[in-house]
Number of protein chains: 2
Amino acid sequence: MQMSAETETFVVHFGEMASRWGFNRTVGQMLALIVLSEKPLNADDIAQGLNVSRGNVSMAAKELQSWRLIRVHREPGDRKDYLVANGSIWELAQQVMAERKKREVDPTLSVVRGLLMDFDDSDHSHARAQMQEMNDLLELFTHWFDDVQNMKPDHLKALMKMGAGVGRVLEMTSRLKPGKKDEEA
Amino acid sequence: MQMSAETETFVVHFGEMASRWGFNRTVGQMLALIVLSEKPLNADDIAQGLNVSRGNVSMAAKELQSWRLIRVHREPGDRKDYLVANGSIWELAQQVMAERKKREVDPTLSVVRGLLMDFDDSDHSHARAQMQEMNDLLELFTHWFDDVQNMKPDHLKALMKMGAGVGRVLEMTSRLKPGKKDEEA
DNA sequence: CTGAATTTTCAGAAATTTCTGAAAGTATAA
DNA sequence: TTATACTTTCAGAAATTTCTGAAAATTCAG
């Protein structure tokens with residue numbers, strides 16, 4: 001299993017970024033390798049390619065599966081597990097976002113919601129107000145995120161390409177047909 | 001410096017989430033404490049409140065300043081540094097997003113761009129195609145993100161509240177006035 | 001200036017995370 | 001079945017990150 005210079009650079013970079021992205025170096029490098037590889041790789045290919053132990057590959061594979069970024073493919077007559085990316089770059093990115101939201105946002109929304117329930121009605125503390133602001137922000141984000149996740153990729157891409165242009169179009173339409181949606185913002 | 005039970009729970013939670021958010025426990029707890037505190041806190045307040053060393057507070061303060069999440073405030077006739085949040089919850093969240101994008105996305109876009117330049121025109125490998133896809137995705141994201149950052153908070157909030165509704169409005173307008181923007185998606 | 005109050009630094013200790021590799025577990029071809 | 005080809009597990013080693021606390025540096029009132 002020989003890699004091109006470009007692939008190697010990319011794999012090493014993914015290893016360096018891994019900890020910032022929420023996983024360890026091996027997981028990062030392994031994802032890069034699998035994504036760039038034309039053909040499915042087995043655990044030995046990977047252990048050899050990345051110079052890590054067989055056990056480490058097994059653990060990293062579990063981690064990547066828990067993120068739903070790879071799946072295993074088996075050929076009849078071959079006992080090896082072949083690891084393949086779970087979709088296009090776009091789909092993998094979406095999956096990473098979804099998983100990170102689940103791990104980085106949901107627990108906090110849950111805790112903040114719970115705390116807000118505990119406050120007495122008479123409490124007018126700054127702390128409570130800040131928690132309420134955070135709760136509102138996290139709920140707004142959560143609903144928006146769910147919506148975005150359910151959009152067709154092409155629609156989403158088109159929307160992103162518009163960028164702030166969306167705001168302009170929206171202002172136009174709301175000028176033509178003023179509605180409820182704007183007033184509470 | 002006495003904290004309420006709710007504040008304590010919130011601070012502890014921020015400490016637990018910190019590593020997932022890209023900083024260490026002390027930084028997370030300290031941010032929580034500062035955000036919830038009505039009045040500015042000095043380093044000793046914080047060291048005592050969180051049960052950590054004075055040196056650790058100094059390092060965490062530097063880190064929070066590098067994220068532009070806090071700033072120091074000084075009272076004339078008092079030599080202490082008072083640490084205060086650098087804006088509302090909304091502004092802090094925006095700042096975290098901006099900083100994370102800078103640390104988690106920009107370096108990769110830079111590396112991928114560089115690698116794409118290295119490929120020979122004749123290269124039709126899967127690896128190259130994947131890198132190109134990743135480059136396109138990161139550029140799309142980057143431009144969208146810049147646009148969003150420059151929107152007025154109220155416009156952005158209104159847009160997020162619409163969620164996927166934006167897609168519907170957009171389809172409507174493009175049906176009325178079919179343009180260039182959609183065809184390449 | 002001087003010196004007391006404060007912040008910063010950083011070497012090494014402590015805590016945490018990651019990795020290895022041998023042993024145990026599992027699946028399947030024969 | 002059984003033998004074998006593989007995967008998983010996990011105790012402890014290695015690497016990395018975080019934290020402490022004392023010493024150095026800085027700041028500023030007098």
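First the proteins, then the strands, lettered A, B, ... as listed; each starts at 1.
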Derivation and outcome, side-chain contact (heavy atoms from CB on, under 4.5 Å), residues A/F10 and B/V112: CA-CA 7 Å; A/F10 185 90; B/V112 170; 3.9 Å; yes
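- For the pair B/L83 CG and C/dT6 C1', the computed distance is 13 Å after rounding to whole Å.
- Atom OG of B/S37 is separated from atom CE of B/M30 by 12.0 Å, given to the nearest 0.5 angstrom.
- The side-chain contact (heavy atoms from CB on, under 4.5 Å) test applied to B/M151 returns A/A164, B/H155, B/L156, B/L159, not counting sequence neighbours.
- Here C/dG21 is the nucleotide among C/dT6, C/dG21, C/dT7 with the atom lying nearest to any side-chain atom of A/S53.
- A/T26 has a side-chain polar atom (N or O) that falls below the 4.0 Å cut-off from OP1 or OP2 of C/dC19.
- B/E99 places no side-chain N or O within 3.5 Å of a backbone atom of B/V96 that could act as its donor or acceptor partner.
- Checked by atom type and distance alone, the side chain of A/N150 pairs as donor or acceptor with a backbone atom of A/D146 at under 3.5 Å.
- Candidate nucleotides C/dT20, D/dT9, C/dT9 were compared by shortest atom distance to the side chain of A/K62, and D/dT9 ranks first.
- Nearest-nucleotide assignment on DNA chain C puts the 5′-proximal partner with B/D81, out of B/D81 and A/D78.
- Atom CE in B/M59 sits roughly 11 Å away from atom P in C/dC10 (whole-Å rounding).
- In this entry the distance linking NZ of B/K80 with C1' of C/dA4 reads 12 Å, nearest Å.
- Atom-to-atom, CG of A/N56 to P of D/dA11 comes out at 17 Å; the value is rounded to the nearest Å.
- Across the protein-nucleic acid pair, B/F23 atom CZ and D/dC19 atom P stand 13 Å apart, rounded to whole Å.
- Rounded to whole Å, atom P of D/dT7 lies 10 Å from atom CD1 of A/I46.
- Between A/A43 and B/R74, the residue anchored nearer the 5' end of DNA chain D, judged by the nucleotide with its closest heavy atom, is A/A43.
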Collect all protein-nucleotide pairs involving nucleotides 13-17 of chain D in which both atoms are nitrogen or oxygen and the distance is under 3.5 Å.
none

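- Across the protein-nucleic acid pair, A/E63 atom CD and D/dT9 atom C1' stand 16 Å apart, rounded to whole Å.
- Counting distance only, with no hydrogens placed and no angle test, the side-chain atoms of B/R79 and the base atoms of C/dA4 include a donor-acceptor pair under 3.5 Å.
- Counting to the nearest Å, the P atom of D/dC19 and the CD atom of B/Q29 are 9 Å from each other.
- Looking only at distances, a side-chain donor or acceptor of B/T142 sits under 3.5 Å from a matching main-chain atom of B/L138.
- Side-chain atoms of A/R25 never come within 3.5 Å of backbone atoms of A/S19 as a donor-acceptor pair (strictly under, hydrogens ignored).
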